[in-house]
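A quick write-up on the structure given underneath.
Below, each value reflects all heavy atoms present in this structure, side chains not excepted, and no hydrogens, waters or symmetry copies.
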Amino acid sequence: MPLAPATRAQLIRSSQKDDYYRSSLRNSANDAFQTLAGSRRWLECRKEIELLSDLAYFGLTTFLGYQTLGEEYVNIVQVDPTKRQIPSPARRGVFVLCHAFVPYLLDKLLVCLENELEGGQESRRRQQVGSVPWSLESWLRRWVQKAAALCSEPQRRACLNAVFVLQQSLTLLYRLHSALFYVSGSFHHLSKRVADISYMRVVGLNSNDSTVGSSYRLLGVMSLLQLLITVCLQLNNFRQRQRARQEWSLHRKLSPQHRQSSSRRAALCILCLEERRHSTSTPCGHLFCWECITEWCNTKSAPCVGTSSSLTDWCT
């Protein structure tokens, strides 16, 4: 029987089946670990258990040169760029690491960077409680703390913005790759594109994928348009945040004495001569404490009406 590149529908069904079996393996491993070690230790090691489950699934199938359960379900096989033989062990190992370990490492690294740059000592003390000293997360945290200690405050803010941009960029990259898959029909996963692993299938007598392929290409074009709109909206939000940050920095550059005196005067209640609590405005626009103005209204005539007992003289 002749061979041909696998269709989009076969690749999607294969991925869905693999995700189902991976989820089943993850749940079984989580249940077993939680039963043996307890819920607290399971919460600390949940990500690592999922990583080991994925490595076990792809290690026992792809890395050993066998089909995964999803690939066997739709009868497709992995091939190298020559389209004539299965990928080499090195190429399969690169795929397994990029598919399972690299996303875990990136997530841990970005979370450690964000917590260290944003929270400082408080987040450091909170993360050290109950952490495993020999885990990868602890090693990454110590490395991030040493690197962050060498940065000044402006550099820390710039790095925090860079971490945020990188997180958003990774999400957009995955969406862009999915849209390109729907258009071109190859490399359903980004890790397979990195390892240059594709799929072949057995061509039947009445095999025709032109109609289905057109539908997927239309879906890819719509995904690209949606991605373009998302990028434009995020760029607009980023410019608005930058403008607000610049306005706030200009406000902070005002004279400290003028800002302190004006804010102290504006925050005082002219009835109790103390800092306002639950600020309340009267019809004339003056601000008082809620307790002070309600007590005045209950015991005297309305303030700010123009009578002899008015508070207009207090406000001037």
Would Leu106 and Leu166 satisfy side chain to side chain contact (heavy atoms under 4.5 Å, CB included), going step by step from the backbone distance to the final call? CA-CA 10 Å; Leu106 280 177; Leu166 182 58; 5.7 Å; no
List the steps, then state whether side-chain hydrogen bond (donor to acceptor under 3.5 Å, both in side chains) holds for Ser39 with Gln34. CA-CA 5 Å; Ser39 299; Gln34 186 176 6; 3.1 Å; yes
Run the numbers on Arg26 and Ser23 for side-chain hydrogen bond (donor to acceptor under 3.5 Å, both in side chains), then give the verdict. CA-CA 5 Å; Arg26 285 182 175 186; Ser23 299; 5.9 Å; no
Given the rule in the side chain to side chain contact (heavy atoms under 4.5 Å, CB included) test, do Val79 and Tyr199 qualify, once you have shown the distances and angles that lead to the verdict? CA-CA 6 Å; Val79 292; Tyr199 286 95; 5.9 Å; no
Begin with the C-alpha distance, continue with both residues' side-chain angles, and end with the deciding distance and a verdict on side chain to side chain contact (heavy atoms under 4.5 Å, CB included) for Arg217 and Val221. CA-CA 6 Å; Arg217 280 191 290 272; Val221 172; 5.6 Å; no
Take Gln226 and Arg175, measure what side chain to side chain contact (heavy atoms under 4.5 Å, CB included) needs, and give me the verdict at the end. CA-CA 10 Å; Gln226 183 185 19; Arg175 293 178 57 181; 3.7 Å; yes
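Ile197 CD1 to Gln78 CD: the interatomic distance, rounded to the nearest 0.5 Å, is 5.0 Å. Atom OG of Ser24 and atom OH of Tyr57 lie 9.5 Å apart (nearest 0.5 Å). To the nearest 0.5 Å, the span separating OG1 on Thr62 from CD on Gln67 amounts to 9.5 Å. The structure places OG of Ser281 at 9.5 Å from CD1 of Ile293, a figure rounded to the nearest 0.5 Å. Atom OH of Tyr104 sits about 11.5 Å away from atom CG of Leu109, to the nearest 0.5 Å. From Phe288, atom CZ reaches atom OG1 of Thr280 across 10.0 Å, with rounding to the nearest 0.5 Å.
Hydrophobic clustering of Ile, Leu, Val, Met, Phe, Trp and Tyr side chains at less than 4.5 Å, counting indirect connections, keeps Ile49 apart from Phe101. Both Leu170 and Leu113 are members of a single hydrophobic cluster when ILVMFWY side chains are connected at heavy-atom separations under 4.5 Å. In terms of hydrophobic clustering, with Ile, Leu, Val, Met, Phe, Trp and Tyr side chains grouped at heavy-atom distances under 4.5 Å, Leu224 and Met222 are assigned to different clusters. No path of Ile, Leu, Val, Met, Phe, Trp and Tyr side chains, each step under 4.5 Å between heavy atoms, connects Leu219 with Leu180, placing them in separate hydrophobic clusters. With hydrophobic clusters built from ILVMFWY side chains whose heavy atoms lie under 4.5 angstrom apart, Leu105 shares a cluster with Val163.
For Tyr216 and Phe181, the ring centers sit 6.0 Å or farther from each other.
Within the 4.5 Å cutoff, the side chain of Val165 has no heavy atoms near those of the Gln168 side chain. Contact of the Arg201 side chain with the Thr7 side chain is registered, since non-hydrogen atoms from C-beta on lie closer than 4.5 Å. Side-chain contact between Phe164 and Leu160 is absent, with no heavy atoms from C-beta onward closer than 4.5 Å. Tyr66 places none of its side-chain heavy atoms less than 4.5 Å from the side chain of Val77. Two residues are said to be in side-chain contact when any heavy atoms from C-beta on lie closer than 4.5 Å; Glu50 and Asn30 meet this criterion. Residues Asp196 and Phe187 have side chains in contact (heavy-atom distance under 4.5 Å, counting atoms from C-beta outward). Counting only heavy atoms from C-beta outward, the side chains of Val231 and Leu235 approach each other to under 4.5 Å. Contact check for His177 versus His188: no side-chain heavy atoms found under the 4.5 Å cut-off.
For the 3.5 Å distance criterion, the side chains of Ser198 and Lys192 fail to qualify, holding no donor opposite an acceptor.
Panel note: side chain Glu71, backbone Thr68; a donor-acceptor pair is recorded below 3.5 Å. Judged by distance alone, with hydrogens and angles left aside, the side-chain atoms of Arg13 form no donor-acceptor pair with the main-chain N or O of Arg8 at under 3.5 Å. Looking at Arg276, its side chain never comes within 3.5 Å of a backbone N or O of Trp290 through a donor-acceptor pair.
Note on Asp80 versus Arg91: no salt bridge recorded, every NZ/NE/NH1/NH2 to OD/OE distance being 4.0 Å or above.
Heavy atoms only, all atoms of each residue included: Val94 and Ala195 are closest at CG1-CB, 4.3 Å. In this structure, Arg92 and Leu64 approach most closely via the heavy-atom pair NH2-C, 4.2 Å. Residue Ser53 comes nearest to Leu25 through the heavy atom pair O-CD2, 3.4 Å, listed as atom of the first residue, atom of the second, then distance. Among all heavy-atom pairs drawn from Cys98 and Pro103, the shortest one is O-CD, 3.2 Å. The nearest pair of heavy atoms linking Leu69 to Asp18 is N-OD1, 3.8 Å. When all heavy atoms of Ser14 and Gly70 are compared, the pair lying nearest together is OG-C, 3.3 Å.
By the 6.0 Å contact criterion, CZ on Phe63 is open, its count of non-hydrogen atoms from other residues, nucleotides or ligands being 12 or less.
Figure legend: cation-pi geometry between Lys17 and Tyr73, with NZ or CZ positioned under 6.0 Å from the six-membered ring centre and within 45° of its axis.
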